[in-house]
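Step one of this worksheet: look at the structure below.
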Amino acid sequence: MNENFSLGPATGIGSMPGTDAREAAKTVTGTFEGPETGMPHLPELPARGPGADMIGRTAGMLVELYARVEPSGWRIGDRPGRDTKRATSWLGEDLDALEEFTQEYEGPLKVQAVGPWTLAAALELRNGEAFLSDPGACRDLAGSLAEGLRAHIEDVRRRVPGAEVVLQLDEPSLVAVLRGQVKSASGYRTHRAVDRQVVEATLRDVIGAHGPDGPVVVHSCAPDVPFALLRRAGAAAVSFDFSLLTERDDEAIGEAVEAGTRLLAGVVPGTDGPLSDPAGSVMGVRTLWRRLGLSPGLLTDAVSVTPSCGLAGASPAYARAALAHCVRAARSLADNPE
């Protein structure tokens with residue numbers, strides 16, 4: 001893993017409100033202008049409907065696996081249908097908009113996709129059960145995802161030649177997969193927990209799709225993020241909802257930071273509400289640092305400030321304010337790490 005990359009002081013999670021790709025790209029690139037202010041990212045606009053949602057968007061990237069919308073969710077079919085084509089078309093529209101606003105850009109640029117385990121928990125086999133019910137199908141899905149991500153990253157590099165592409169894998173269901181809490185199609189039972197070593201090995205394979213030096217962030221806005229497992233799987237950074245941390249997480253976070261793992265701390269609320277002053281937003285980060293006994297000098301290298309989760313449920317005005325607030329809060333952390 002390349003230890004010299006930078007994620008910048010702040011970034012967004014991925015999703016934005018509304019349906020206008022150009023407006024979303026303009027907001028993101030105008031707020032996060034590069035290494036000094038933050039890392040721009042490819043916006044996702046789930047309000048457009050099926051195919052723009054996180055599962056459908058990633059299903060559209062799969063190689064030789066084609067998904068369609070059923071009343072119960074996304075299900076694998078035999079050939080590409082209109083739902084897959086719609087997902088691919090919207091991704092292309094979003095990339096066109098991003099390309100327009102990143103002319104001459106140089107620096108880190110983040111793209112997002114659903115990780116293999118959340119995808120296996122959400123995507124249905126032909127029989128209506130989740131991929132999670134079949135270990136062989138999970139392996140095939142992870143292989144298809146890895147291949148699709150390689151192509152996606154290459155496309156982004158062609159469009160934005162100065163970008164250092166950072167891949168974010170969204171894994172909100174990872175903890176549920178590890179604990180056997182994902183419900184079956186009937187809803188009356190749950191799929192058995194997946195062995196931690198299998199989870200780790202699969203993540204390592206998909207993370208490896210970004211190449212030996214490509215930084216990968218794993219994002220989970222669920223409680224009890226498995227920091228140690230993600231670090232061992234090769235994640236360069238972990239993105240999480242800071243408000244869900246407990247002191248039980250201290251040891252794992254301390255070990256992750258000392259091993260060089262970056263933290264994307266979600267400290268700005270993802271839905272409309274009053275925003276505190278920038279220093280107040282990162283007060284908890286400073287407190288955590290003191291509690292862990294870590295050097296204040298490490299803080300700005302190790303932590304980027306983000307919203308607590310995606311901004312799809314926010315108003316456009318709040319989404320703009322929240323991203324700008326992340327930049328100001330990160331500046332406060334840099335100016336006064338103690």
If every non-hydrogen atom of [X] is compared with every non-hydrogen atom of [Y], which pair is closest and at what distance?
X	Y	value
Ile153	His210	CD1-ND1, 3.5 Å
Ala233	Leu203	CB-CB, 3.9 Å
Gly310	Ser15	CA-OG, 3.2 Å

Item to check | Worked verdict on Glu93 versus Arg48 for salt bridge (Lys or Arg N to Asp or Glu O under 4.0 Å) | outcome: CA-CA 12 Å; Glu93 186 181 303; Arg48 291 180 298 198; 3.5 Å; yes
Checklist entry - With sequence neighbours left out, what residues match Arg22 under side-chain contact (heavy atoms from CB on, under 4.5 Å)? => result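 Result, side-chain contact (heavy atoms from CB on, under 4.5 Å) vs Arg22: Asp20, Ala97, Glu100, Phe101.
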Any residue meeting salt bridge (Lys or Arg N to Asp or Glu O under 4.0 Å) with [X], in chain and number order, not counting sequence neighbours:
X	answer
Glu23	none
Glu255	none
Asp96	Arg159
Glu147	none

Checklist outcome for this item: Which of Gln168, His219, Glu171, Gln112 passes side chain to side chain donor-acceptor pair (under 3.5 Å) with Ser239? Answer is His219
Any Lys/Arg nitrogen of [X] or [Y] sitting under 4.0 Å from an Asp/Glu carboxylate oxygen of the other?
X	Y	result
Arg204	Glu200	yes
Arg57	Asp94	yes
Asp205	Arg139	no
Asp224	Arg248	yes

[X] atom [atom1], neighbour heavy-atom count above 12 within 6.0 Å:
X	atom1	answer
Arg192	CZ	no
Glu64	CD	no
Glu70	CD	yes

Next on the checklist: Applying side-chain hydrogen bond (donor to acceptor under 3.5 Å, both in side chains) to His191 and Ser184, what does each step give before you reach the verdict?
Outcome noted: CA-CA 6 Å; His191 295 289; Ser184 66; 5.5 Å; no
Checklist entry - Can you check side-chain hydrogen bond (donor to acceptor under 3.5 Å, both in side chains) on Asp53 and Trp74, steps first, answer last? => result CA-CA 10 Å; Asp53 61 299; Trp74 284 88; 3.1 Å; yes
Roughly how far, to the nearest 0.5 Å, is [atom2] of [Y] from [atom1] of [X]?
X	Y	atom1	atom2	result
Met61	Leu145	CE	CG	8.5 Å
Leu65	Ile76	CG	CD1	5.0 Å
Met39	Thr31	CE	OG1	14.0 Å

Next on the checklist: Please list all pairs meeting ring pair (Phe, Tyr, Trp, His ring centres under 6.0 Å) that have one or both residues in residues 233-291, counting only residues at least two apart or in different chains.
Outcome noted: Phe227-Phe240
